[in-house]
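Start at 1 and go down the list; that is how both ligands and their atoms are numbered. Below, all heavy atoms of this structure are taken into account, side chains as well, without hydrogens, waters or symmetry copies.
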Amino acid sequence: MEFILDAVLYLSQPLEAELGSFLSEGAKLLDKGAPKGQGAVLVNWLLEGDMLKLKIKSGTYVRPHDAVYRLRNYLAEKIGREYKTGIRSVKGVRYEISFMLEHEPKEKISIPFVKELNFEGKTCRILLLDLDEVFLRNNYVDRIISLIKEKVDEQAYAGKDEHHEITWSSPKKKHAGKIDPTEEMKKRGWIKHRGRGQWIYGPTATRIIKTMESIVEDKLLKSLGFTEVIIPKAVTWDVWKRSGHAKSIYNEIYYLSPPKSRDPAYWEEVVDLYRITGEIPLDKIKERMDYPIGGVSYAQCPPFWPLFSNKTLSLEQMPVTVFDRSGPSMRYESGGLHGIERVDEFHRIEVIWIGTYEQVKDLHQKIIDQYRLIFNDILDLEWRMAWVTPWFMAQEGLHGLADEKHVVGTVDFESYLPYKGSRKESEWLEFQNASNNGMKYPQGFNVKLSGGQQLYSGCTGIGLERWLASFLAQKGLDPEYWPKAFKKRVGVLPEEFILL
Ligand code: SER
Ligand code: ZN
């Protein structure tokens, strides 16, 4: 790594003085905190009127954008006392940096603030010009370097399959046929497609979903002692900054914007136009909308965490065990029709647990055991589990695994959809997951545990539409052929509406 910064310290007045001894004293501070002889070096300097020009060079330790402030602070005191002159501001005129990458980049990349970016094998060289204090002081430089490394890593991952390691499979089952549940339900009037990736579920489909929900209640939530909470579905930027989603999800958010004003007069033109034309004047509405405050619930659990942020939980009260089913999540999915299996508006029960390392690990296992019981004994599904890239990494744009030991991370539950093709070749449906999220959320939201142990957490999202799709794809729509334990719980199906 090599950093070369040309900076200017702007003085409060032009100065003619011999600053040599101050600067050579000040330069000694640039070694502090680094192994001997490996700190930053003041290469040369020049005083010109009210500008003190500095050239600072470093390797890995004491980067010039920090070093320049060490010098600034030292000099401010010295020349303040000696010449009654202050230092008004610092400017980075030119900053040249070269560093090594893990992979050779495959394509060009562009990065904000960077004027030139060149690769030579695994070496990256960047040039930055005209840097203000906000840039220098807030470590934008290190973040730019990390971002370049991450983008190059992403290129190396692109095209490779996601991490997916099957850890358990149920026995093969006999299925009702090759049923596409969406198509069959549509034919019978159980569901109707609405806007983009959104469906209306009539009484029968809803009854099945609610029966599944009641099974979850009995076999998982009640038996493991979870209590219900209501988590907001409008998620503000502060939450996504802390959860890491702000690093990646912009192309999938449904944005939430408030009106710029609540004054009816401000909206009068919109109202009038609609009344005359019968069309919604979208461009006029857009002009009157404020910046988005965030977006609609995406991963469901992050907006729970502000309840505890910057607080300490009591060890005696651990584990926290809660669940939410207070509303839908929304994602702007890639276009095309995927039936109820991939939708923009979907419904989940989101279950969250928080506690010590052992408690979180233990509950993760218990929850998986309960799912096993539900899918095997009640729904009689053909399904499997896979150890995958954890959702909390994937949603931040990261790859790989969190933990080689298979403790922290995500288990996906996947069902076989016979209508999609053979077991081997077709894509199975991820109908839910169960994750040990490690320290990610307590750290992100700064939540501590009394007694000083580290806090951990886990969550599992139960995708109700996908449970429905999995079940019907394997068992068909006729209750006669449904597993007894499930049929008993559903009772007599409601009558569908007759549409004349
Ligand atoms: N929060 C997790 C996810 O979004 C589980 O629901 O995948
Ligand atoms: Zn979650």
Q) Is the count of non-hydrogen atoms from other residues, nucleotides or ligands lying under 6.0 Å from K106 atom NZ greater than 12? A) yes
Q) Is it the case that more than 12 heavy atoms not belonging to Y255 sit under 6.0 Å from its OH atom? A) yes
Q | Sub-4.0 Å heavy-atom environment of ligand 1, residues by chain | A |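 Within 4.0 Å of ligand 1, protein side: A299, C301, R331, R348, E350, W391, Q395, N433, C459, G461.
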Q) Per the ring-ring contact (aromatic ring centres under 6.0 Å, His included) rule, which among W428, W387, Y371 passes with F413? A) Y371
Q. For Y332, is the NZ or CZ atom of R196 found under 6.0 angstrom from the centre of its six-membered ring and inside 45 degrees of the ring axis?
A. yes
**Q.** Partner set under salt bridge (Lys or Arg N to Asp or Glu O under 4.0 Å) for E396, not counting sequence neighbours
**A.**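 Result, salt bridge (Lys or Arg N to Asp or Glu O under 4.0 Å) vs E396: K247, K440.
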Q. When Y298 is tested against each of K233, E252, H245 for side-chain hydrogen bond (donor to acceptor under 3.5 Å, both in side chains), which residue passes?
A. E252
Q) Closest to the Zn ion (ligand 2), which N/O/S atom of E350 is it? A)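 Sorting the N, O and S atoms of E350 by distance to the Zn ion (ligand 2) puts OE2 first.
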